Colleague: 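The structure that follows is given in the form of structure tokens.
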Number of protein chains: 2
Amino acid sequence: MVLTQMTTATSKKQGKIRAKSEEKILNAAQEEFIIQGYKGASVQSIADRAQLPKANVLYYFKNKENIYHAVLQLTLDMWDKGIGDIKLEDGPKKAIEKIIAAKVEMAFKNPNASKIYALEIIQGAQHLKEFARTYQRQWVREKAKIFNHWIENGEMADVNPVNLIFLIWSTTQHYADFETQILTIMNRADYEEEDIAQVTYFLTDIILRGCKLKA
Amino acid sequence: MVLTQMTTATSKKQGKIRAKSEEKILNAAQEEFIIQGYKGASVQSIADRAQLPKANVLYYFKNKENIYHAVLQLTLDMWDKGIGDIKLEDGPKKAIEKIIAAKVEMAFKNPNASKIYALEIIQGAQHLKEFARTYQRQWVREKAKIFNHWIENGEMADVNPVNLIFLIWSTTQHYADFETQILTIMNRADYEEEDIAQVTYFLTDIILRGCKLKA
DNA sequence: AAAAATCTTGACTATTTGGTTGGTTTATAT
DNA sequence: ATATAAACCAACCAAATAGTCAAGATTTTT
């Protein structure tokens, strides 16, 4: 399933100039919205970061709200794409490994998407339409059902599947959202490639064991 | 150890009128800052929520930045107070139980503090002074050392203690920060008292087992 | 009860900012 | 080559908003 509500801005396939400008604007906007917040990010600051005059930005996107919606849409698409899907035939061990690996990868490779998403939710999901807000309910229900099957079958520990999903989401996303804090605590300037493997290993190890899927 | 940089606003013990007004303002401001962000929260909107004229708000707090700093300070104090401390003599099991219980309690009882904190960190900790930014490094180092002792002693699984602390922080805080999403997914209007116990049980159970501290 | 300190508030100001306009330049199609 | 459409952009405007001020009201101190 894919989120399909495209904005006018990103839907119509136009010339490559448009595509390129829109991308520059969207990237700039994403950063500004994270750092300054929705209200704090001025169209001028987005334009500056994108190296375009303000009027040009508003030529491609009718108004600020539209820019934000486009950014949000990209974020949701990414979330949707990056979430590891699981199937009954995977069995619990492989399923958990898959979800964790996918989520950690996404957190490290695209922290900004994660941050935009987190900001939006923390602030009350004001800009998310009903559809996007409730979309995950179905996803969680489906996956929970699969986990329950494994639990009833004695293939894993009897833990609440919904909480388990939250646990995996929160721990993985944490490395993106709280990047600033984590780097400060570890006294480092940036994440490195190895961190992905290290974190994936740590989480997989402890969670699998927590689910009685590992000695 | 306590964060001790008090703002002018909260430090000087003044009359009860001042105390009462400041509290009303700070509560209103906390909500506005969460919902609207720093820039988006207008002094007028804070005043409205606090049921005071704007000029009165600015009489108690010189400017908006000051209001925000006071809110942030309260948040940090709470974080500091609410974090379960652990000691070597507790042993790993009790220590983890204590931290989880303290953090879950804080997340459910004071979600707004958690949200303000999360917003600040995600946005790059722009308003946190160096001291506050690096404060937790020491905390984490200390606790990691204790965990390492237990690990070397064979009292628990060989998991990375720093990652373990992040895991506990993220999972517990998640219930506060992503309240909106969690309630939507669970199709509920509000958290209830039992949720605290349920979540505490779930997390303690799975994490203890993940650390080989439970069958 | 008078004086001093604290508190309250409407009115005003300077600045920032989202968005518009209209004219110019550049790219594309015929 | 010429016409048409797309892209560019300086200058402008109206609304929102942080912060000031000065005068009056209330509380506290002496």
Side-chain angles (χ1 to χ4, degrees), chain A residues 7-72 119 123 126-127, chain B residues 7-72 119 123 126-127:
Chain A
T7 61
T8 45
T10 50
S11 62
K12 303 168 191 160
K13 55 195 70 157
Q14 315 260 162
K16 43 179 57 174
I17 295 175
R18 180 171 207 102
K20 196 146 194 184
S21 289
E22 284 182 357
E23 202 198 316
K24 279 208 292 185
I25 293 165
L26 256 16
N27 281 333
Q30 191 186 47
E31 307 236 302
E32 284 298 317
F33 283 134
I34 290 170
I35 300 170
Q36 307 293 341
Y38 176 75
K39 197 68 184 298
S42 70
V43 177
Q44 185 64 62
S45 70
I46 293 169
D48 289 348
R49 192 183 280 264
Q51 302 196 67
L52 288 165
K54 185 180 73 156
N56 204 348
V57 170
L58 288 165
Y59 164 74
Y60 286 110
F61 296 88
K62 256 170 281 302
N63 52 42
K64 191 162 115 172
E65 177 102 11
N66 261 277
I67 304 176
Y68 184 71
H69 273 124
V71 169
L72 209 51
L119 289 173
Q123 301 201 318
Q126 295 173 78
H127 300 265
Chain B
T7 62
T8 45
T10 50
S11 61
K12 303 170 191 158
K13 57 195 71 160
Q14 317 258 163
K16 43 180 56 173
I17 293 176
R18 180 170 208 103
K20 196 145 193 184
S21 289
E22 283 181 358
E23 202 198 317
K24 278 207 293 184
I25 293 166
L26 256 16
N27 280 334
Q30 190 186 47
E31 307 236 302
E32 284 298 316
F33 283 133
I34 290 171
I35 299 171
Q36 307 293 343
Y38 176 74
K39 197 68 185 295
S42 69
V43 177
Q44 185 64 64
S45 71
I46 293 170
D48 288 349
R49 193 182 279 266
Q51 302 195 69
L52 289 165
K54 185 182 67 157
N56 203 348
V57 169
L58 289 164
Y59 164 73
Y60 285 110
F61 296 88
K62 256 168 278 306
N63 52 41
K64 192 164 115 172
E65 178 101 12
N66 262 278
I67 303 176
Y68 184 71
H69 274 124
V71 169
L72 210 50
L119 289 172
Q123 300 201 315
Q126 295 175 75
H127 299 266

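Chain naming here is simple, since letters A, B, ... match the order of the sequence lines and numbering starts at 1 in each. Fair warning: this is a prediction, and the values are worked out from it, not measured in the lab.
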Colleague: Nearest whole angstrom, please: distance from the P of D:dA7 to the CZ of A:Phe61.
Modeller: 12 Å
Colleague: Give a yes/no answer on whether the side chain of A:Arg18 brings an N or O atom under 4.0 Å of OP1 or OP2 in D:dA6.
Modeller: no
Colleague: Going by side chain to side chain contact (heavy atoms under 4.5 Å, CB included), name the residues that satisfy it together with B:Asp48, two or more places apart in sequence or in a different chain.
Modeller: B:Gln44
Colleague: Working to the nearest 0.5 angstrom, can you tell me the gap between A:Gln36 CD and A:Ile46 CD1?
Modeller: 10.0 Å
Colleague: Should the heavy atoms of other residues, nucleotides or ligands under 6.0 Å from CD of A:Glu65 be counted, would the total exceed 12?
Modeller: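 Enclosed.
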Colleague: Regarding B:Lys64 and the six-membered ring of B:Tyr38, is the cationic atom NZ or CZ under 6.0 Å from the ring centre and inside 45° of its axis?
Modeller: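 The answer is yes; both the distance and angle limits are met.
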Colleague: So which atom in B:Ile67 and which in B:Val57 form the shortest heavy-atom distance, rounded to 0.1 Å?
Modeller: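 For B:Ile67 versus B:Val57, the nearest heavy atoms are CD1-CG1, 3.8 Å.
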Colleague: Assign a letter to each nucleotide of nucleotides 8-30 of chain D from its 5' end: B, base within under 4.0 Å of a protein heavy atom; S, sugar-phosphate only; -, no contact.
Modeller: SBB------SBBB----------
